[in-house]
Amino acid sequence: MIYPKIAGTGSSLPEHVVTNAELSRRVDTTDAWIRERTGIRRRHIVDESESTCDLAERAARNALDSAGIDAGALDLIVVGTTTPDRIYPSTACRLQARLGAGECPAFDVQAVCTGFIYALGVAEKFFRAGSVRRALVVGADTHSRLLDWSDRRTCVLFGDGAGAVVLEASDAPGVMSTHLHADGRYEPLLYVKGGTPRGAGRISDGGAYTKMQGNEVFKVAVRTLRRIVDETLAANDMTKSDVDWLIPHQANIRIIEATARKLGMPMDRVIVTVEDQGNTSAASVPLALDAAVRDGRVQPGQVLLLEAFGGGFTWGSALVRY
Ligand code: UT7
C-alpha cells in the first residue's frame, strides 16, 4: 500500500493585524462579545496589493524548504481556495508558474472552509492510484475580500492566510484515510452571492458578501463534526485514545471544544489558533498543523485527526500518522 506522508509544512499570514478593539470602532460590537462567542482576539488581513496566490506561494516555499524538496520534483499541485486571484487560470496554475514546478497537473478545489481537507483527500487518491510520488497541497484564502465590513455578524469572524504541506510517497502511513462529505441543501444558511456574470457586460451578480445564519450553522457544524469523528476512527479501527492531536478547523472555540469533548480530549491536546487568526477558511487546518509542527508539539509517529466544516455545506476529516 502506498501512503502520502507529510514531508514538510509551511504557512503564511499577512502582516497587517486587526484587533477586536479596531472592529468595535467600525461596527456595533465589543471585544468581550467577540471573545466570549468565538474565542477570537485578532486576525491578519491582506492589504490592497496582496493576493491569495501571494500567500499560497509563501506557504508553499516554506513547506518545500522544510521538506528539502525542489519545486521541479513535484508531480501534483492542489490548492483549496474560495478566493482565487482570477476566475482562471486557477490559483494552482499561477502558483505552479511562480514556483517553477514544471508541467505537473495543477488545479483548485473549492470547498470553502473544508478546502484543504478536500484538497488533501483528492491528492491522497492520486497517491493510492500510484500516479504521483510528490505533491504540494495548499489551503489559501483571502476571505476578508468576501466580507461586508458593516455587517457585525460576519466581519468579526474571518481572517486571511495560507498553509501548505508537501506529501511524499511512503510504504508506511502517512495519511491513513480521508473522509469527504457535502450537503448542498444547506446553501441558504451560508453563501456568497455573485460569481460568473449571467448577462453580457455584467461584472457580478451583486452583493458578493458572506451571508450567514450563524447560530443555525453552528448547530449543524457541531452535530456533523461529532459524526465525522466516529466515522474516521471506525474506518481505521481505532479508538479515541489512539489520537494524539486534534487539529480542527478554526471557526469558533466553542465548536472546537464540542469536538474535543466528543473525543474525550483535554484542550491541551487540541491545536488552537483561532484566538490570533480568526477563521481563515481553507487555510485554517494547515496553518494550525504548521504551527504545531514548528513548535514541536506534533512529533513523528503521532496520530493527528484533522477536520473541517464549511459552506456548501461541506465537511471532512483526515487521519494522519505524522
Ligand atoms: O467556518 C464556516 C462555518 N461557520 C461557522 O462555523 C460559524 C458558526 N457560527 C458561529 O460561530 C456563531 O453562531 C457566531 C459566532 C456567528 C454567532 O454566535 P451566536 O452565539 O450563535 O450568536 P447569535 O447569532 O445567536 O446572535 C446572538 C446575538 C444577536 O442579537 P439578538 O438578536 O439576540 O439581539 C446578534 O445580533 O448577538 C448579536 N450579534 C452581535 N453582537 C455583538 C451578532 N454578531 C455580533 C457582534 N457583536 N459581532
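One-based numbering, in listed order, for ligands and for the atoms of each. In this text, all values refer to a predicted model and were calculated from it rather than measured experimentally.
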Open item on the list: Only heavy atoms of C113, strictly under 4.0 Å: list the atoms of ligand 1 that pass.
Closed with: 1 (O), 2 (C)

Task: For T29, the ligand 1 atoms whose distance to one of its heavy atoms is below 4.0 Å - done: 42 (C), 46 (C), 47 (N), 48 (N)

Among [options], which residue places a heavy atom closest to [atom]?
{"atom": "atom 4 (N) of ligand 1", "options": "M212, Q213, Q250, H249", "answer": "M212"}
{"atom": "atom 48 (N) of ligand 1", "options": "E216, R152, R254", "answer": "R152"}
{"atom": "atom 27 (C) of ligand 1", "options": "R37, H143, E36", "answer": "R37"}
{"atom": "atom 17 (C) of ligand 1", "options": "W33, W315, F158, F313", "answer": "W33"}

Is the backbone N or O of [Y] less than 3.5 Å from a side-chain atom of [X], with the two atoms forming a donor-acceptor pair by type?
{"X": "S66", "Y": "A63", "value": "yes"}
{"X": "D54", "Y": "S51", "value": "yes"}
{"X": "E22", "Y": "T19", "value": "yes"}

TODO: Quick one: look at I255 and ligand 1, take heavy-atom pairs under 4.0 Å, and tell me if it's side chain, backbone, both or neither.
DONE: side chain

Task: Region of N279 that comes within reach of ligand 1 [heavy atoms, distance under 4.0 Å] - done: side chain

Open item on the list: For D160, run the side chain to side chain contact (heavy atoms under 4.5 Å, CB included) check against L13, D47, T142 and tell me which one passes.
Closed with: T142

Task: Side-chain H-bond candidate by donor/acceptor type, T30 with S24, under 3.5 Å - done: no

Open item on the list: For a quick check under 3.5 Å, do N20 and R43 share a side-chain donor-acceptor pair by atom type?
Closed with: yes

Task: Test item: protein heavy atom less than 4.0 Å from atom 6 (O) of ligand 1 - done: yes

- [ ] Return a yes/no value: protein heavy atom under 4.0 Å from atom 29 (C) of ligand 1?
- [x] no

Open item on the list: With a 4.0 Å cut-off on N to O distance, would you call R94 and D85 a salt bridge?
Closed with: yes

Open item on the list: Check this for me, if you would: do E124 and R128 make a salt bridge, where the nitrogen-to-carboxylate-oxygen distance has to be below 4.0 angstrom?
Closed with: yes

Please state which protein non-hydrogen atom is closest to [atom] and give its distance, to 0.1 Å?
{"atom": "atom 9 (N) of ligand 1", "answer": "G214 O, 3.0 Å"}
{"atom": "atom 10 (C) of ligand 1", "answer": "N252 ND2, 3.6 Å"}
{"atom": "atom 23 (P) of ligand 1", "answer": "N215 ND2, 4.1 Å"}

- [ ] Measure up the H143 and F158 rings against each other and bin them: parallel (under 30°), tilted (30 to 60°), perpendicular (over 60°).
- [x] parallel

